[in-house]
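Chain A is the first sequence line, chain B the second, and so forth, proteins listed ahead of strands; every chain is numbered from 1. Both backbone and side-chain heavy atoms feed into the values below; hydrogens, waters and symmetry mates do not.
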Amino acid sequence: MSEIAVPIATPRPGGNRRALRLLRRQPLGVVAGVVVVLLVVAAALAPVIAPFDPTAQHRADFLQIPGGPFLMGTDDLGRDIFSRVLYGARTSLLVAVCTLAVGGVLGVAIGVVSGYFAGGWVDTLLQRVMDTLMAIPGIVLLLFVAALLGPSIRNTVIALSLLVVPSFNRVARGEMLRIREELYVESARAAGCSTWRILRRHGLPNLLAPILVVTSLMFAIVIIAESALSFLGIGTPPPTPSWGAMLSDGSRYMEIAPWMVVFPGGALTVAVLAFNLLGDALRDVFDPKQSR
Amino acid sequence: MVEYVVRRGLYGVLVVALVTVFVFLTLRLIPGDVVRLQLADAPGVSPEQIAQRAAQLGLDQPLLAQLWRFLANAATGDFGTSFQSGEPVTALIAERLPTTLQLGVMALAVSVVLGVPLGLLSAVRQNSWLDQGLRVVSVAGLSIPNFWLGLLLVTYLALWFSWSPPLVYRTPAEDLGSNLVHMALPAIALGVAGMAAIARMLRSSMLEVLRSPFIRTVRPGAPERTVLVTHAVRNSLVPVFSLIGLQVGHILGGTVILESIFAIPGMGMLIFESVQLRDYPVVLGCVVVYGAVFILVNLVVDVLYGVIDPRIRYA
């Protein structure tokens, strides 16, 4: 990838077509992309698609088996599971987008600065902090931060951001170490460009592809982690529908109403699978050397 | 080699110390006064009583003094006493840690025992329907949340085979059979992700080795079995080994949630309960021990990595 030095000003004819052809070689990736789009649409249009209010309790129809007006059945309080799964997608995606915005920007910023000044005291300091965060197993870190801050969507985002920052940092720093040695950065430095300008004009644009790949894979991790937190009762507070909390409710009725566990868990798995496959496909497209 | 181990060991100690500082400061910075929370239930608490309790817990000292005292004590294995039960934190953790380690080791065993053959099979039969199927299984295995898998296993084993794990947890010393049966489902649920990761990594590293010149040189003379077993497999296992350190992190984190589903009294349960009760000393001790275990395992993996593959130099 790095050997093909494309001058910045030269237009690249057929760049889109090439991307399309590469995507055609990634059928699973395309399917995953479609699933992701469907997921976003379902989340955005949840109020339109959902046949019922996700919090409305149809007390006469509790624990209904899937079918009839209740496509995926009802839970112990008579709430429509299909509507709740749709609104759950909303919660998951909202938390994931916020987390990746906060954690991603922070992680990339730390990685870029650290990579550019590699070996200096700024780098050492920042990387020790990252090592510290990475030394604590994910759920333990989340449990610790989220539970102490109290259950709310905002606090979940804060906790999850701490989880993703080191991953973004590692990728951004690694790429920056490579970019720093490139000829165009050296010439920019020789031409008297400021550090800020070099990072902004040469660092960030060259980082986009690897960051996009990590973002997709991190979506999967964040969606699982948010559900895990809600499952433990310290993530999204009720009555906001979330897949994790639905699984936790369902776990008490598993043997009489398995659909309470099957559908939200299925939605969760499909979402995670789609983001994982999309990430894999993006990696193959952007970095054919690494493809399996 | 010895120098490398010592240097890595010292760095590990530094990171554990940093984890301690991080957790300690976070606990102090978070809103919610411990003393008030503890005394909130008791009616008619006077400010004097609050101050007295704070002094008793050492919370009236300056923050840095508290931090220093804590680190000095922690270095000798003393994490203070639980706010709730008054027992030493070290004793509480020592009681729970073996259970969590047992679960972790069992999960890792599931990952390796299933992941290695699947990966090899996939590579040897590259692009066959078996390979395609196994690759789908791998990606799915990586994507299924372990707690959902755990719930499904319990539900459907009960619905289809009328089989449920034992209701009460028994330690291996009390009843080994019951203990292993109890731990089996969470170990499988936890191990599937590792299995998938190992199978994927092994497939790609095996394919790479099979394409390399030394295999092409060996192939014409040696029987296929020798080529695969003696030359290809051993060399492809090297990168897989480095994956194990990473998997340990996922498994340790996963134990927290699976212990709570399967009512296993391990460290995960301890930290979960302590966090909800705001039992700070126990929470702190648990996070530090989790970090220490994770760092230790990775140190061992890195050192053994060099033993397995002599080409790696300890720079």
> After noting the C-alpha distance and the side-chain angles of A:I139 and B:F272, does the key distance pass the side chain to side chain contact (heavy atoms under 4.5 Å, CB included) rule?
Replying inline: CA-CA 10 Å; A:I139 294 286; B:F272 183 49; over 6 Å; no
> With only heavy atoms counted, which part of B:I261 is less than 4.5 Å from chain A, the side chain, the backbone, both or neither?
Replying inline: side chain
> Which region of B:V19, side chain (C-beta onward) or backbone (N, CA, C, O), has a non-hydrogen atom less than 4.5 Å from a non-hydrogen atom of chain A, or is it both or neither?
Replying inline: both
>> Distance check, rounded to the nearest 0.5 Å: A:M130 atom CE versus B:L18 atom CG?
In response: 12.0 Å
> chain B: which of A:T269, A:V272, A:V129 shares the most heavy-atom pairs with it under 4.5 Å?
Replying inline: A:T269
> Can you list the steps and then say if A:M134 with B:N298 is a side chain to side chain contact (heavy atoms under 4.5 Å, CB included)?
Replying inline: CA-CA 12 Å; A:M134 271 195 294; B:N298 275 286; over 6 Å; no
>> To the nearest 0.5 Å, what is the distance between CD1 on B:I295 and CD1 on A:I136?
In response: 9.0 Å
> What's the verdict on side chain to side chain contact (heavy atoms under 4.5 Å, CB included) for B:V256 and A:V140, showing C-alpha distance, side-chain angles and the deciding distance?
Replying inline: CA-CA 7 Å; B:V256 175; A:V140 176; 3.9 Å; yes
>> So for B:F22, is it side chain, backbone, both, or neither that comes closer than 4.5 Å to the heavy atoms of chain A?
In response: side chain
>> A quick test of your reading: do over 12 heavy atoms of other residues, nucleotides or ligands sit less than 6.0 Å from CD of B:E273?
In response: yes
> For chain A, which of B:C286, B:A140, B:A17, B:S143 has the most heavy-atom pairs under 4.5 Å?
Replying inline: B:S143
>> Tell me which of these, B:V23, B:L142, B:V288, B:V15, has more heavy-atom pairs under 4.5 Å with chain A than the rest.
In response: B:V23
>> Looking at every heavy atom in both A:P137 and B:G291, which two are closest together, and how far apart are they?
In response: CD-N, 4.4 Å
>> Does any part of the side chain of A:F231, heavy atoms only, come nearer than 4.5 Å to the side chain of B:L151, both counted from C-beta?
In response: yes
> So which part of A:A220 gets closer than 4.5 Å to some heavy atom of chain B, the side chain, the backbone, both or neither?
Replying inline: neither
>> Looking at chain B, which one of A:L232, A:N276, A:I223, A:L277 has the largest number of heavy-atom pairs inside 4.5 Å, strictly under?
In response: A:L232
>> Measuring from atom CH2 of A:W243 to atom CH2 of B:W148, what distance do you get when rounded to the nearest 0.5 angstrom?
In response: 11.5 Å
>> Given heavy-atom pairs under 4.5 angstrom as the criterion, report whether the side chain, backbone, both or neither of A:I221 touches chain B.
In response: neither
> In residues 165-172 of chain A, which residues are in contact with chain B at a heavy-atom separation under 4.5 Å?
Replying inline: none
> Tell me, side chain or backbone of A:V262 under 4.5 Å from chain B's heavy atoms, or both, or neither?
Replying inline: both
> Which answer fits A:S248, side chain, backbone, both or neither, if we ask what part of it has an atom under 4.5 Å from a heavy atom of chain B?
Replying inline: neither
>> Using the side chain to side chain contact (heavy atoms under 4.5 Å, CB included) definition, which of the options B:I257, B:I271, B:V287 pairs with A:L143?
In response: B:I271
>> Heavy-atom pairs under 4.5 Å with chain B: which of A:L133, A:L141, A:L247, A:L268 has the most?
In response: A:L247
>> Would you say that more than 12 heavy atoms from the other residues, nucleotides or ligands in this model lie under 6.0 Å from the CZ of A:R128, or not?
In response: yes
